[in-house]
Amino acid sequence: KGALGAPTPGIMEWGYLALLLAPAAMCLWLALAPGSILADMSLSGRRVGVVGAGVEAYLARWGLTGAREIAATSRATLYRVDGGRVLKVFTGEGLAHEGAHGTQALIHWAGRGAVRLIRHDAGAQLLEHLPGPQLDALPDDAATPVIVDVVRALHAAPGPAPPGMPDLRAHLANLFSAPDFAQAKAVTENLIATTRPEDLRVLHGDLHHENIMRGADGVWRAIDPKGLVGDRHYDVANVFCNPTEALAQDPARAARLADAFAAGLGMDRARVLRFAYVHACASACWFRENGYGTERDVLTIAMLERIAGL
């Protein structure tokens, strides 16, 4: 008996216990051993998960091997696969906000200014791997010319917009449905009404420093487009709100950006600033709807309103 009077397991009992626990111990060792999927770390430093059954179906269907999860958000999970490619599998939220129309945009651009789409279906994309870094790794003054080059390449894509793409009014629906922001709605209405046909483009819709990455060839490319059709001036609006709070609230920096986009892309400086103001207001609506604070947006809105002459 043991010290507390309980029967001590005999040799047979210990043997059975070892047999029961051995498989679990082996699985744990394999999962955590160096080089295993679970022992590897994602780009964000988070311990990655096991490839799920839904992903296994894509691996089999598209003949992919070596899958390793590298990032996961509420909208998609990304897996690095052999051959210098990335498998992006959308969640329901991702399909609603990016999936179909973002895929249409990537097809339209065909690798010009954006990550190259290799294969796709309704729920996933197979993309070229961009090793990075993201554009926010560069000093702000060095990043701006890169943004100019990326936008120029995106907006130079030939051919009409894919059918069924949402327009700018649909993209800004949350702003129009907000109980406040009366001035922003009026400015938006005016900008949409005065858009020239020659300024209509397939837009990225969410272009900022973290959505531009450097490829293995050294060329910077956009990722994660929302995909919409509208005035080309809107595609640089989100740059004013990124990549840091301090930069987003700096009027001198906003003026420099407007000058750079006017000079480098032939844009109307006043329209650039007004679209930046509209986007900052829409951003505040999005954050508020999702339960986040809007203090940063309020300060950015006030600054952009002032320098846009509103």
Practice prompt. Starting from the C-alpha separation in whole Å, work towards a yes-or-no answer on side chain to side chain contact (heavy atoms under 4.5 Å, CB included) for R119 and W62.
Written response: CA-CA 9 Å; R119 191 168 183 174; W62 291 352; 3.0 Å; yes
Discussion item. Testing the basics here: between G113 and V150, what is the closest heavy-atom pair and its distance to 0.1 Å?
Written reply: O-CG1, 3.6 Å
Worksheet item: Does a side-chain heavy-atom distance below 4.5 Å link I118 with L127?
Response: no
Discussion item. Between R196 and D199, does any side-chain N to carboxylate O distance fall below 4.0 Å?
Written reply: yes
Fill in: Min side-chain heavy-atom separation L117-I107 under 4.5 Å
yes
Practice prompt. Enter the distance from L228:CG to L168:CG here, rounded to the nearest 0.5 Å.
Written response: 6.0 Å
Worksheet, complete the sentence: Paired with Y277, the side chain to side chain contact (heavy atoms under 4.5 Å, CB included) test is passed by just one of L304, V272, T188, namely L304
Discussion item. Apply the hydrophobic cluster definition, ILVMFWY joined by side-chain contacts under 4.5 Å directly or through others, and give me every member besides F90.
Written reply: L95
Discussion item. Is there a path of hydrophobic side-chain contacts, each under 4.5 Å between heavy atoms of I/L/V/M/F/W/Y residues, joining L247 to L207?
Written reply: no
Discussion item. Using every non-hydrogen atom in the two residues, find where P179 and R288 come nearest and quote the distance to one decimal.
Written reply: CD-NH2, 4.2 Å
Worksheet item: How far does CG of L64 sit from CG of L126, to the nearest 0.5 angstrom?
Response: 5.5 Å
Fill in: Non-hydrogen atoms of P163 and Q104 that approach each other most closely
O-NE2, 3.1 Å
Fill in: Members sharing F287's hydrophobic cluster (side chains within less than 4.5 Å)
Y292
Item to complete: Could you tell me whether R80 and E69 make a salt bridge, using a distance below 4.0 angstrom between a side-chain N and a carboxylate O?
Response: no
Worksheet item: Do R112 and R221 pass the side chain to side chain contact (heavy atoms under 4.5 Å, CB included) test, and can you show the C-alpha distance, the side-chain angles, and the key distance before you say yes or no?
Response: CA-CA 8 Å; R112 293 180 290 265; R221 295 180 174 88; over 6 Å; no
Worksheet item: Can you tell me if R201 uses its side chain to pair, donor with acceptor, with the backbone of E198 under 3.5 Å?
Response: yes
Worksheet item: If we only count heavy atoms from C-beta on, is the Y79 to R68 side-chain gap below 4.5 Å?
Response: no
Response to the item:
Output for pair (I301 CD1, S283 OG), nearest 0.5 Å, gives 7.5 Å
Item to complete: Measure across A254 and L273 and return the closest heavy-atom pair with its distance rounded to 0.1 Å.
Response: O-CD2, 4.2 Å
Fill in: Heavy-atom side-chain contact between R214 and V219 under 4.5 Å
no
Discussion item. So does R116 get a backbone contact from the side chain of E128, meaning a donor-acceptor N/O pair under 3.5 Å?
Written reply: yes
Worksheet entry | Presence of salt bridge, R61 and D121, under 4.0 angstrom | yes
Discussion item. Using the rule that Ile, Leu, Val, Met, Phe, Trp and Tyr join whenever any side-chain heavy atoms are under 4.5 Å apart, tell me whether L310 and F240 fall into a single cluster.
Written reply: yes
Worksheet item: Any chance the side chains of T103 and Q125 put a donor and an acceptor closer than 3.5 Å?
Response: yes
Worksheet entry | Side chain S177, main chain N174, donor-acceptor under 3.5 Å | yes
Discussion item. Using only atom types and a distance under 3.5 Å, with no angle test, would you say the side chain of N211 pairs donor to acceptor with the backbone of D206?
Written reply: yes
Below 3.5 Å, can you tabulate the donor-acceptor pairs from side chains in residues 261-268 to any protein atom, sequence neighbours excluded?
residue	atom	partner	partner atom	Å
D268	OD1	A270	N	3.0
D268	OD1	R271	N	3.0

Worksheet item: Just by modelled atom types, is the A302 backbone N or O under 3.5 Å from a matching donor or acceptor in the Q249 side chain?
Response: no
Item to complete: Output the distance between atom OG1 (T300) and atom CG (N242), rounded to the nearest 0.5 Å.
Response: 9.5 Å
Discussion item. Has D235 got a side-chain atom pairing as donor or acceptor with G205's backbone, closer than 3.5 angstrom?
Written reply: yes
Worksheet item: Hey, quick one: are V151 and V146 part of the same hydrophobic cluster, counting side-chain heavy atoms closer than 4.5 Å, chains of contacts allowed?
Response: yes
Discussion item. I'd like to know whether R232 forms a side chain to side chain contact (heavy atoms under 4.5 Å, CB included) with L200, so could you lay out the CA-CA distance, the side-chain angles of the two residues, the decisive distance to 0.1 Å, and finally the verdict.
Written reply: CA-CA 6 Å; R232 66 192 183 104; L200 289 174; over 6 Å; no
Item to complete: Output every pair passing ring pair (Phe, Tyr, Trp, His ring centres under 6.0 Å) with a member in residues 185-223, not counting sequence neighbours, ordered by first then second residue.
Response: none
Discussion item. Is any side-chain heavy atom of L175 closer than 4.5 Å to one of V278?
Written reply: yes
Fill in: Side-chain heavy atoms of T91 within contact of S74, under 4.5 Å
no
Item to complete: Measure the spacing between CG of N238 and NE2 of H279 and express it to the nearest 0.5 Å.
Response: 3.0 Å
Worksheet item: Can you name the ring pair (Phe, Tyr, Trp, His ring centres under 6.0 Å) partners of H171, sequence neighbours left out?
Response: Y234, W286
Discussion item. Between T244 and D140, is the side chain to side chain contact (heavy atoms under 4.5 Å, CB included) condition met? List the steps.
Written reply: CA-CA 10 Å; T244 67; D140 192 56; over 6 Å; no
Worksheet, complete the sentence: Interatomic distance, CG@D231 vs CG@L203, rounded to 0.5 Å, equals 8.0 Å
Practice prompt. Determine, for K226 against E98, whether the closest basic-nitrogen to carboxylate-oxygen distance falls under 4.0 angstrom.
Written response: no
Discussion item. Any heavy-atom pair between the side chains of H233 and R274 that's under 4.5 Å?
Written reply: no
Worksheet item: Do you know which two heavy atoms are closest between G227 and A105, and how far apart they sit?
Response: CA-CB, 4.0 Å
Discussion item. Whether the side chain of K185 engages the backbone of D180 through a donor-acceptor N/O pair (distance < 3.5 Å, no angle test) should be reported.
Written reply: yes
Item to complete: Can you see which heavy atom on A142 is nearest to which on P145, and at what distance?
Response: O-CD, 3.3 Å
Worksheet item: Are side-chain heavy atoms of L172 and C285 found at a separation under 4.5 Å?
Response: no
Worksheet item: With sequence neighbours left out, what residues match R152 under salt bridge (Lys or Arg N to Asp or Glu O under 4.0 Å)?
Response: D149
Discussion item. With a 3.5 Å distance limit and no angle check, can you tell me whether T195 reaches the backbone of L191 through a side-chain donor-acceptor pair?
Written reply: yes
Worksheet entry | Under 3.5 Å: donor-acceptor pair, side chain of H97, backbone of E93 | yes
